[in-house]
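All values derive from a computational prediction rather than experimental measurement. Proteins come first, then strands; the chains are lettered A, B, ... in the order of their sequence lines, and each starts at number 1.
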Amino acid sequence: MSRPKLAGAANSRPALAPELLVEMHDLMVKARALEERLIQMYKQGDGFFWIGGPGEEAFNVPLGLLIKKGSGLDYDYLHFHYRNSATLIAMGEDPANPMRQMKNTATDPYSGGRNFAGHFSKREWNLAPVTSPIAVQYSIAIGTAYAQKRHGGEGITIVTGGDAGTAEGDFATCLVWSSRPGNELPILIIVTHNKWGISTHYSTQQGPKNIADRATAFGIKNKTIDGNDAITSYLEIKAAMDYVRKERKPFLLEAHVSRLYGHSSADGANRRPEEEDCIVRIEEVLLEHGIMTREQMDAVHEKWQKEMAELHRKVREEPQPNPEDVWKHIYWEGEGS
Amino acid sequence: MANMAQAIRLALHYGEEHLGVTDIFGEDVGPPLGGVFTATQGLRTAWNSPLDERGIIGMAIGLAMAGQRPVAEIQFADYIYNTIDLLKLAGNTCWSSNGQWNLPMVVMTPVGAGIRGSIYHSHSFDAVMSHIPGWKIVMPATPLDAYGLMLSAIKDPNPVMFLPPKALMRHRGEELIPGEPEDPRELSKMIDAPVGDRSKWKPTWPPVEEYVVPIGKAKLVRPGSQLTVVAWGRCVPLALQAAKQLEGEGIDVELIDLRSIWPYDWEAIRASVEKTGKVMFVNEDTEVTNFGEHLIRRTIEELFYVLLAPPKLVAGKHLPGIGLADALERASVPQVEEIAEAMRALARTEP
Ligand SMILES: Cc1ncc(C[n+]2csc(CCOP(=O)(O)OP(=O)(O)O)c2C)c(N)n1
């Protein structure tokens, strides 16, 4: 595939430090190895359904690295959809946990074996439960953002979702409530645009060339970027986040990404050769600038594939929930209950 | 004596000052109007939202996630239907996260007919709401209960749906809220916004006190020996009127106000039915898969051998709407005469 070279001459240095590029590559490969292992788990019968984010690593890894991770209003609140595994990996999540959810074990820390793969939840990182109804997170994110507006500081709310889901009213809700005059919210509204909603192409259902353009009507700053480029993604996420953190105002960032294994296990979860692979792209840069050799990069792939296989073997042996567990946590059992 | 709208206002005031309520919001909830039923006038944390019910529920969920204590209003229950999946989400957030997240939030939305509200200001919501687990659902029939249930709702660490009957919003109670002035005119002067320019107006709040009606506890409205009537919402005062009519005919009705739809006070129902052997459930939601049907099912399963007559349901008719004309509305939801007639028939039934 022919593609224009990165901005600047071939020999000029990349816009990010070599160490950071090496770290990002490592995390991207790790996240990919995790997703490919989850798909394998599905195909081997170690799970009922797979959905996830292979193909979005170039965007989701820098997102994870730039998040202010923690609990409470001073940290970022996260309202994700089901393709954000690479963000979690970049934040330091143990890859065994997504596998536990895949295998719906009692040890699944996100949902105790109740929810599909990729439906993360981690309160100590302000990560709200990922839910299946498309786009509802855009309606919920305004609440944490409003609390953070009142609180001040640097914590922001980050919400992600797909392109097809922006047709839902929740997306309009997010734009309206984020830009109420005098009550603009510190929220980074992200759309990862892979052009597909299951089998329906974006171009057959929505008119706007760029989804981000919709923000303009609300006075919300916005940008459409190539989310397959890790360096661009890092720089643009950082710029958008800095704006939201400092100005306490919304920003809509639309990133074009790939759907590397189709929608979910429902359409086979097989590699789509027509989709661009963002890991190939970053590896070209690393090679071109002599930051890593092919052998070194191959070793990274091997390391994580091996690690994921080992974790899979371990998770496979963990216990399933008990029937009586269905009655737990219908109501809050913690402090103040 | 406060009316129900004033009682809710006093409870919300108590909530903002003593129970950590951070946001009371919804369409026209803040100044200048203070709610279409005036239930949120003069409150410190009340604010107006966009005209977007899904946004209102989403905002409440997000605020609760961020450690705030919101009370959100949907102006009329008739307009809550486009938020159902968000209500389901609020109800399953604790469960689906295996107990990680809780949502201390209250949604209040006025329900039911009786104000000549036609097709879109007469909907009930208790039956649909009872299909959404993870919530607690309360429905006051008096101002004092509205006050006490709202305090419980605010304190609860889970989502609570608060359903005041529209037709009772202007009803005065017979009991004083602790700390409320005895003269209703004095109360009105203190907390009702003036007509006209309100930009400089501020309420003077009476020193209302903590008074809690526990969620899940029914109220014995009228003791009786011959038959048990379990009603909720606007049907409580209607059933009470009917029971009083029947006094002269020698029919002694025990009336229970369920007050909480979920969790509900099965012990109170059971004890009463064991005493009377006859039971009737009264509410104005549509009758098919009505919550009263659940109570009848449980009555039959658990109390079959103490029953002296088949349990009965008096409820709204299974119609697409409530028509505006008086005759149409009266033919659609329970009226005193219909309730009284059903009571008579049940009293007369012999095994
Ligand atoms: C409200 C709702 N409608 C339909 C579905 C079924 N569904 C699951 S994913 C999906 C497509 C979503 O496409 P998009 O928003 O572009 O996100 P992507 O999966 O492409 O990342 C649909 C229709 C759903 N989960 N929720």
query: Relative to the ring of B/Phe25, is the ring of A/Trp177 parallel (under 30°), tilted (30 to 60°) or perpendicular (over 60°)?
result: perpendicular
- prompt: So B/Gln68 and A/Leu73, side-chain contact (heavy atoms from CB on, under 4.5 Å) or not? Walk me through it.
  reply: CA-CA 10 Å; B/Gln68 316 294 295; A/Leu73 294 167; 3.9 Å; yes
- prompt: Given a strict heavy-atom distance threshold of 4.5 Å, which part of B/Asp85 is in contact with chain A: side chain, backbone, both, or neither?
  reply: side chain
query: Hey, does the side chain of B/Trp95 reach the backbone of A/Val326 with a donor-acceptor pair shorter than 3.5 angstrom?
result: yes
- prompt: Going from CD on B/Gln100 to NE2 on A/His329, what distance comes out if it is rounded to the nearest 0.5 angstrom?
  reply: 9.5 Å
field: Stepwise side chain to side chain donor-acceptor pair (under 3.5 Å) test for A/Asn115 and B/Ser96
entry: CA-CA 7 Å; A/Asn115 217 339; B/Ser96 65; 5.0 Å; no
field: Nearest-0.5 Å distance that lies between atom OG in A/Ser139 and atom CG in B/Asp52
entry: 6.5 Å
- prompt: Under 4.5 Å between any side-chain heavy atoms of B/Lys88 and A/Val136, yes or no?
  reply: no
- line: With chain B, the option among A/Gly336, A/Ala147, A/Ser111, A/Gly112 that has the most non-hydrogen atom pairs under 4.5 Å is A/Ser111
field: side-chain contact (heavy atoms from CB on, under 4.5 Å) assessment of A/Glu335 paired with B/Asn102
entry: CA-CA 10 Å; A/Glu335 210 180 306; B/Asn102 69 307; over 6 Å; no
message: In the structure I gave you, are the side-chain heavy atoms of B/Trp47 and A/Tyr146 within less than 4.5 Å of one another anywhere?
response: yes
- request: Mind ranking A/Ser71, A/Gly143, A/Ala145 by heavy-atom pairs under 4.5 Å with chain B and telling me who comes out on top?
  value: A/Gly143
field: Heavy-atom contact with chain B under 4.5 Å, split by part of A/His79
entry: side chain
message: On a heavy-atom basis, which atom in A/Thr173 and which in B/Gly55 lie closest, and how many Å separate them?
response: CG2-CA, 3.5 Å
field: Side-chain heavy atoms of A/Gln137 within contact of B/Leu89, under 4.5 Å
entry: no
task: Looking only at non-hydrogen atoms, find the nearest pair between A/Arg180 and B/Asn48 and report the distance.
output: NH1-O, 3.3 Å
message: Is it the case that the side chain of A/Tyr331 and the backbone of B/Trp135 share a donor-acceptor pair, with hydrogens and angles ignored and the cut-off at 3.5 Å?
response: yes
- request: Give a yes or no on whether the backbone of A/Trp332 and the side-chain of B/Asn158 come within a donor-acceptor separation of less than 3.5 Å.
  value: yes
message: So which atom in A/Arg123 and which in B/Met65 form the shortest heavy-atom distance, rounded to 0.1 Å?
response: NH2-O, 4.4 Å
statement: Highest number of heavy-atom pairs under 4.5 Å with chain B among A/Asp170, A/Asn126, A/Thr131, A/Thr157 belongs to A/Asp170
field: Heavy-atom contact with chain B under 4.5 Å, split by part of A/Ala141
entry: neither
query: At what distance, to the nearest 0.5 angstrom, does CD1 of B/Ile56 lie from CD1 of A/Ile142?
result: 9.5 Å
